[in-house]
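In this chain, numbering begins with 1 at the start of the sequence shown. One-based numbering, in listed order, for ligands and for the atoms of each.
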Amino acid sequence: MTFDRTLKIAPSILSADFANFGQEIQAIEAQGADWVHVDVMDGHFVPNLTFGPAAVKAFRPHVKTVMDVHLMIAPVDPYIEAYADAGADVLTAHVEAGPHIHRTLQAIRGAGMKAGVALNPGTPAEAVAHLLDLTDLVCVMTVNPGFGGQKFIDMTAKIRSLCDMIGDRPIHIEIDGGVDPTTAPLVAAAGADVLVAGSAVFRGGSVHTAEVYGDNIRKIRAAANNG
Ligand SMILES: O=C(CO)[C@@H](O)[C@H](O)COP(=O)(O)O
Ligand SMILES: [Fe+2]
């Protein structure tokens, strides 16, 4: 995985058809997705439950781009090897998930993956200030994590602070939650390069009408690039 700052759209398969993940992943990639975002929830760190390492491993052969795994679980450390074995390219843990995020990021890199750190809306940018040498991606949550389809919370001031803090380090800034053609220009202009979008990509389409996914992805990308 090489680093670049061009805008990337990462559809979240949380909004896909849960009976059809393989075809859904193939459809979004054929329609222009740059990364595939996989939301892992444990019913403890967040009040929702999705899938674990065995399911993520089953997604892997379908993902030809980058498998971006967002862990909304606590604790994280006991599962890092399992997600490496499942084939995650990027593994993101929440800074709020435990007291030892520094060790967690070291372990993620040690297991051969890119290390991401996510910030809930209530957590300040400064929480990652001493983690940047261990971090390949900072995920700024623009909803409280747990569900797709929630209303965007404006975090543009936090994104700008992170950009200043990151400087020219090769660290992606990812935005997750409520991204659509209206909100994408705000976060792109503030400095984000990876835009996660679930409902705004899958809305109105299916694996049989995958061109709808393509239209949705193009609209988000065009809005972000023109913003
Ligand atoms: O991590 C999460 C939610 O906790 C996200 O990745 C959502 O899946 C984004 O969904 P939309 O807000 O784009 O519908
Ligand atoms: Fe996510």
Does the pair Asp89/Lys114 count as a salt bridge with the N-to-O cut at 4.0 Å? no

When clusters are formed from ILVMFWY side-chain contacts under 4.5 Å, directly or step by step, what else is grouped with Leu137? Met1, Trp35, Val66, Val90, Val194

Against heavy atoms of His37, which atoms of ligand 1 measure under 4.0 Å? 6 (O)

Taking the inter-plane angle between the rings of Phe21 and Phe59 on a 0 to 90° scale, is it parallel (under 30°), tilted (30 to 60°) or perpendicular (over 60°)? tilted

For Met72, the ligand 1 atoms with a heavy-atom partner under 4.0 Å come out as 1 (O), 4 (O)

Within the 4.5 Å heavy-atom criterion, are Thr104 and Ile80 side-chain neighbours or not? yes

Using a strict 4.0 Å cut-off to heavy atoms of Asp176, name the atoms of ligand 1 that fall inside it. 1 (O), 2 (C), 5 (C), 6 (O), 7 (C), 9 (C)

Taking 4.0 angstrom as the limit and counting only heavy atoms of His70, give me the atoms of ligand 1 inside it, by number and element. 1 (O)

With 2.8 Å as the limit, jot down which protein N, O or S atoms are around the Fe ion (ligand 2). His37 NE2, Asp39 OD1, His70 ND1, Asp176 OD2

Using a strict 4.0 Å cut-off to heavy atoms of Gly146, name the atoms of ligand 1 that fall inside it. 3 (C), 4 (O)

Are the side chain of Asp180 and the backbone N or O of Thr183 linked by a donor-acceptor pair below 3.5 Å? yes

Atom indices of ligand 1 within 4.0 angstrom of Ser199 heavy atoms, with elements: 11 (P), 13 (O), 14 (O)

I'd like to know whether OH of Tyr79 has more than 12 heavy-atom contacts from other residues, nucleotides or ligands below 6.0 angstrom. no

Of all the atoms in ligand 1, which lie at a distance below 4.0 Å from a heavy atom belonging to Met41? 4 (O)

List every atom of ligand 1 that sits less than 4.0 Å from any heavy atom of Pro145, numbering the atoms from 1 in the order shown and giving each element. 4 (O)

Hey, does Ala200 sit under 4.0 Å from ligand 1 if you only count heavy atoms? no

The protein heavy atom nearest to atom 12 (O) of ligand 1 is Gly178 N, 2.8 Å

Kindly check if the number of other-residue, nucleotide or ligand heavy atoms within 6.0 Å of CD (Glu81) is above 12? no

Note, Pro47 side chain near Phe147 side chain (heavy atom, < 4.5 Å): yes

Could you tell me the residue and atom name of the protein heavy atom closest to atom 3 (C) of ligand 1, and the distance to it rounded to 0.1 Å? Phe147 O, 3.5 Å

Determine the minimum heavy-atom distance between Leu7 and Ala192, stating which atoms define it. CD1-O, 4.2 Å

Rounding to 0.5 Å, atoms CZ (Phe18) and CD1 (Ile13) come to a distance of 7.5 Å

What do you reckon, does Gly148 have a nitrogen or oxygen under 3.5 Å from a nitrogen or oxygen of ligand 1? no

To which protein heavy atom is atom 13 (O) of ligand 1 closest, and what is the distance rounded to 0.1 Å? Gly198 N, 2.7 Å

Hphob cluster co-occupancy, Phe152 + Val143, side-chain heavy atoms under 4.5 angstrom: no

With the threshold set at 4.0 Å, does a side-chain nitrogen-carboxylate oxygen contact exist between Arg169 and Asp136? no

Regarding ligand 1, does Val143 bring an N or O atom to under 3.5 Å of one of the ligand's N or O atoms? no

